[in-house]
Amino acid sequence: MLEAVGQRVLWLSTAIIDHANRVRPNPSGLKVGGHQASSASMTSIMTALWFHALTAEDRVSVKPHASPVLHAINYLLGELDESYLTTLRAFGGLQSYPSRAKDPDPVDYSTGSVGIGATAPLWGALARRYVEGHFGGAGRGRQYSLLGDAELDEGAIWEAIQDPMVPSLGEAVWVVDLNRQSLDRVVPGIAAERLQGMFAAAGWQVITLKYGHVLRELFARPGGEALHARIDAMDNPEYQRLLRCSADELRERLPGTGSTAGPIADLIAPLDDASLLAALRNLGGHDIGALMDAFDDVDDTRPTVIFAYTVKGYGLPTEGHPQNHSSLLTADQMRTLADRLGTDPDRPWAAFAAGSPEADRCAAAARRLRRPGHASPRAPEVPADLARPAPTGSGNTQQALGRVLLDLTRRAPEAAARIVTVSPDVSSTTNLGGWLNKVGVWSPAERPNWFADDAETILHWRERPTGQHVELGIAETNLVGLLGELGATWSRWGQPLLPIGVVYDPFVNRALEPWSFGIYAGGQSILVGTPSGVTLAPEGGAHQSITTPSLGIEQPGCVTYEPAFAIDTEWCLLTALGNLGRPDGSSAYLRLSTRPVDQSAADVPGDPAARERRRRQVTAGAYRLRRHESPVVTLAAMGALVPEALAAADRLAALGHGADVVCVTSPDLLFRALQARRGLSRDQSWILDQVFPADRATPLVTVLDGHPHTLAFLSAIQNTPVTTLGVTRFGQSGSIEDVYRYHGIDTDSIVTAALDLVD
């Protein structure tokens, strides 16, 4: 029964790609693409999974190039309208790769960026456990990942597998499509045994499906042991070449040479041509029965990986060819395939006849997999202002992060209960210590705190299922992968979380791709980069970030902030938290500093209305910090460089040149406002009129601890001359004064730049 369903899945997935490339009009002539061979190698695996093993609580990440198989299955389950089958890679149609946000049918995990979609179910499993333990409603389903063998080359795979959290995730099941081909070639040495050993060493259950029942039956006959040894010893290119042989060629080549050639030849001699060709292709990843048994044998006490040997292009004329990755069947080949699979090429989307055993099997699977709806997520109310008196004395924005989290536990406990912090082994050095002591560290089971009675222990590491901080290993890729999944729980189970990840800002670049992909996939979270910039002077160039301020501007689905003062940090963080866990929400990136700054310089208005106006400006992108009666220059500074701008304004005033000082908190929001003013976006532009009004337009000096082009666009607000100061070279070790001078962002440099514009 499932073999018949699998053949229809093979036809539909192949036809979906065929229509997109050969049938649908293509006026531009640009290649559309698709992956018929990659899809074909997965049809048996996905048929066995969906029509036998899956439950409604399970979730599956499908390898990118098998997306047509997913759509074919969803069509047979009644989850995709026929009209979409002709829209693969068309605007508004089926996406090139599975997308939770853009595809019209059920997609559990977005994939497409190699290695990231594969690891997402690990973090999805952890997020499910967290939600179920704290709020309920997430069930106990497995988290499957279907990935290609070449995907195991990605470092993100192994960073995830070795993380200390992963061995306890028994609901994680990976299926590796071991077709021994990459995009360009047959991979000469997959070394499956080595890969299996690496998974086993990491605590995983390893199941290997190498041969199907036909080959196993042959191996049991006289001469079968010799055939088994011959195929086992064969390198990948030789095996793939045999797949391209006729039956006569196969009878000549398969026995090989030496003493075992005769027994192998005698073994295969009685087989007719069709049986011989089918036997060679009878690998475990195409044996429905073997696949069903493997899914039934999964040990739910530890992660499982199933190595399923397959043939790339299985069942297609291109099967096994080393260059079949992007090859497309011709019209004649499609008709021949339709005849063999019992379908009508003139009615390619015909479903199984009503009342047929296949239709009944599909209907039964659809009923089993139908998920109950959940209530629309209700994100907790986050206060816009904690109404605390403006800080005085010296402090930094990183300290403000920890203080705000603690304040929320007292002033907004419902919101604080939804916060979950994540860190790659830098909790104590990013000012999360107080928060950890308050809420505890999350662990699937409670663990003893052996240092609880140590009087010199300041950070109390209490691990328990009720904790709200997740500590991963040092890999930043894992951090942002988990952030993305924690940030997606509002849409998966109707339980919004407010995830905050903390990482040293220089290493945001290392995590950039999976962070971006997590946002693309609908995960809403806050990433905090701290400490940041060359302000981290003694650490040297390797630990000084330069490009991250502009990265925040360029990342879709995310708002970036770089506050200068503690109160600004509070307001920006609260605003960012309020935008999480909702259909119209967004992620945020906060770049914070460890530089001590005189907090009274923020000059926060005491009047409640004036304070609220300042808060609105801070969270909209900028505010005027210093207003001169007769300005001839404006100094726009961001983050840690605001004290230098204020000092420069004082010196310029002493020289007879009035200077306004603008504190930029979000270049991202200011750029959006500028685009809105020009009719290029739907954002609001009022902040530009309040902070950069036309009647105070003067030449502009911008300065930040990052690349100067981040603020260069500010001159376009009123079309004023501008000098942009920032960091364009690798950092140096030294004092802040020495390093600022080296990069030309010290007070002297700001004064000089202003004089050059106005003198």
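Only a predicted model underlies this, so the values are computations on that prediction, with no experimental measurement involved.
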Derivation and outcome, side chain to side chain donor-acceptor pair (under 3.5 Å), residues N324 and Q181: CA-CA 9 Å; N324 67 5; Q181 288 185 232; 3.2 Å; yes
Side chain to side chain contact (heavy atoms under 4.5 Å, CB included) evaluation trace for W123 with D163: CA-CA 11 Å; W123 314 125; D163 191 90; 4.2 Å; yes
Test log, rule ring-ring contact (aromatic ring centres under 6.0 Å, His included), inputs Y520 and W515: CA-CA 9 Å; Y520 166 82; W515 175 54; over 10 Å; no
Side chain to side chain contact (heavy atoms under 4.5 Å, CB included) between Q143 and Y109, worked out: CA-CA 10 Å; Q143 305 290 316; Y109 288 96; 2.4 Å; yes
Working for salt bridge (charged side-chain N to carboxylate O under 4.0 Å, His left out), residues R335 and D346: CA-CA 9 Å; R335 289 194 171 275; D346 296 322; 3.2 Å; yes
Stepwise side chain to side chain donor-acceptor pair (under 3.5 Å) test for D339 and T336: CA-CA 5 Å; D339 290 341; T336 301; 5.6 Å; no
Step-by-step side chain to side chain contact (heavy atoms under 4.5 Å, CB included) determination, L242 to R253: CA-CA 8 Å; L242 292 180; R253 292 190 181 203; 3.6 Å; yes
Derivation and outcome, ring-ring contact (aromatic ring centres under 6.0 Å, His included), residues Y309 and H286: CA-CA 8 Å; Y309 281 73; H286 301 304; over 10 Å; no
Candidate pair Y75 and Y84, rule ring-ring contact (aromatic ring centres under 6.0 Å, His included), full reasoning: CA-CA 9 Å; Y75 171 63; Y84 280 104; over 10 Å; no
Steps toward salt bridge (charged side-chain N to carboxylate O under 4.0 Å, His left out) verdict (E171, R302): CA-CA 7 Å; E171 61 269 50; R302 53 181 173 154; over 6 Å; no
Verdict with reasoning, L227 to R221, per side chain to side chain contact (heavy atoms under 4.5 Å, CB included): CA-CA 10 Å; L227 178 62; R221 298 181 187 179; over 6 Å; no
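A 4.5 Å side-chain heavy-atom check between V166 and W204 finds at least one atom pair inside the cut-off. The shortest distance between side-chain heavy atoms of W158 and T119 does not fall below 4.5 Å. Contact of the T304 side chain with the D297 side chain is not registered, since no non-hydrogen atoms from C-beta on lie closer than 4.5 Å. Looking at heavy atoms from C-beta onward, I231 lies in side-chain contact with Y211 at the 4.5 angstrom threshold. Looking only at side-chain heavy atoms (C-beta outward), R142 and D300 come within less than 4.5 Å of each other. Looking at heavy atoms from C-beta onward, V175 lies out of side-chain contact with S145 at the 4.5 angstrom threshold.
A salt bridge does not link E358 with R8: none of the charged nitrogens is closer than 4.0 Å to a carboxylate oxygen. With respect to the salt-bridge test (charged N to carboxylate O, under 4.0 angstrom), the residues D149 and R180 do not qualify.
The closest side-chain donor-acceptor pair between D332 and T330, if any, does not fall under 3.5 angstrom. A donor-acceptor contact closer than 3.5 angstrom is absent between the side chains of H321 and K312. Side chains of D248 and S246: no donor on one and acceptor on the other come within 3.5 Å. Remark: the D103 side chain and the Y97 side chain contain no N/O donor-acceptor pair separated by less than 3.5 Å. At a cut-off of 3.5 Å, with distance as the only test, a side-chain donor of N26 or S28 sits close to an acceptor on the other residue. Inspection of the T208 and Q196 side chains reveals an N or O donor paired with an N or O acceptor under 3.5 Å.
Remark: I288 CD1 to H52 NE2 distance equals 10.0 Å, nearest 0.5 Å. To the nearest 0.5 Å, atoms CG (L483) and CD (E476) are separated by 12.0 Å. Distance OG1/T343 to CG/L337: 6.5 Å, rounded to 0.5 Å. Going from atom CD1 of I306 over to atom CG of D177 covers 12.5 Å, rounded to the nearest 0.5 Å. Between L85 atom CG and H19 atom NE2 the span is 9.5 Å, to the nearest 0.5 Å. Atoms CG and CG, on D58 and L49 in that order, are 8.0 Å from each other to the nearest 0.5 Å.
Without hydrogens or angle criteria, Y144 side chain to L54 main chain gives no donor-acceptor distance under 3.5 Å. In this structure a side-chain-to-backbone donor-acceptor pair under 3.5 Å is present from S67 to S96. Panel note: side chain S356, backbone A359; a donor-acceptor pair is recorded below 3.5 Å. Without hydrogens or angle criteria, N282 side chain to A278 main chain gives no donor-acceptor distance under 3.5 Å. Formation of a donor-acceptor pair under 3.5 Å by the W349 side chain with backbone atoms of T86 is not found in this model. Judged by distance alone, the side chain of E319 and the main-chain N or O of G315 form a donor-acceptor pair under 3.5 Å. A side-chain donor-acceptor contact under 3.5 Å links Q205 to the backbone of D299. A donor-acceptor pair under 3.5 Å links the side-chain atoms of D287 to the main chain of H213, judged by distance alone. T111 places no side-chain N or O within donor-acceptor distance of the main-chain N or O of S61, the cut-off being under 3.5 Å. For D273 (side chain) and A247 (main-chain N/O), no donor-acceptor pair under 3.5 Å exists by modelled atom type.
With respect to M165, the side chain to side chain contact (heavy atoms under 4.5 Å, CB included) criterion is satisfied by exactly one of N478, L482, L472: L472. Here the options are R371, R100, R492, the test is salt bridge (Lys or Arg N to Asp or Glu O under 4.0 Å), and the partner is D108; only R371 passes.
Within 6.0 Å of the CD atom in Q162, the count of heavy atoms belonging to other residues, nucleotides or ligands exceeds 12. Residue E252 places its CD atom among 12 or fewer non-hydrogen atoms of other residues, nucleotides or ligands, all under 6.0 Å distant. Counting heavy atoms of neighbouring residues, nucleotides and ligands inside a 6.0 Å radius, atom CZ of R140 does not exceed 12 of them.
When all heavy atoms of L218 and A279 are compared, the closest pair comes out as CD1-CB, 3.9 Å. The nearest pair of heavy atoms linking P444 to R129 is CB-NH1, 3.7 Å. Contact between F295 and A53 at its shortest, heavy atoms only, is CB-CB, 3.7 Å. When all heavy atoms of G284 and L291 are compared, the pair lying nearest together is O-CG, 3.8 Å. Across A56 and R370, no two heavy atoms sit closer than the pair CB-O, 3.7 Å.
Taking the ring axis of F507 as reference, the NZ or CZ atom of R510 stays within 45° of it and closer than 6.0 Å to the ring centre.
The aromatic ring centres of F307 and W174 sit 6.0 Å or more apart.
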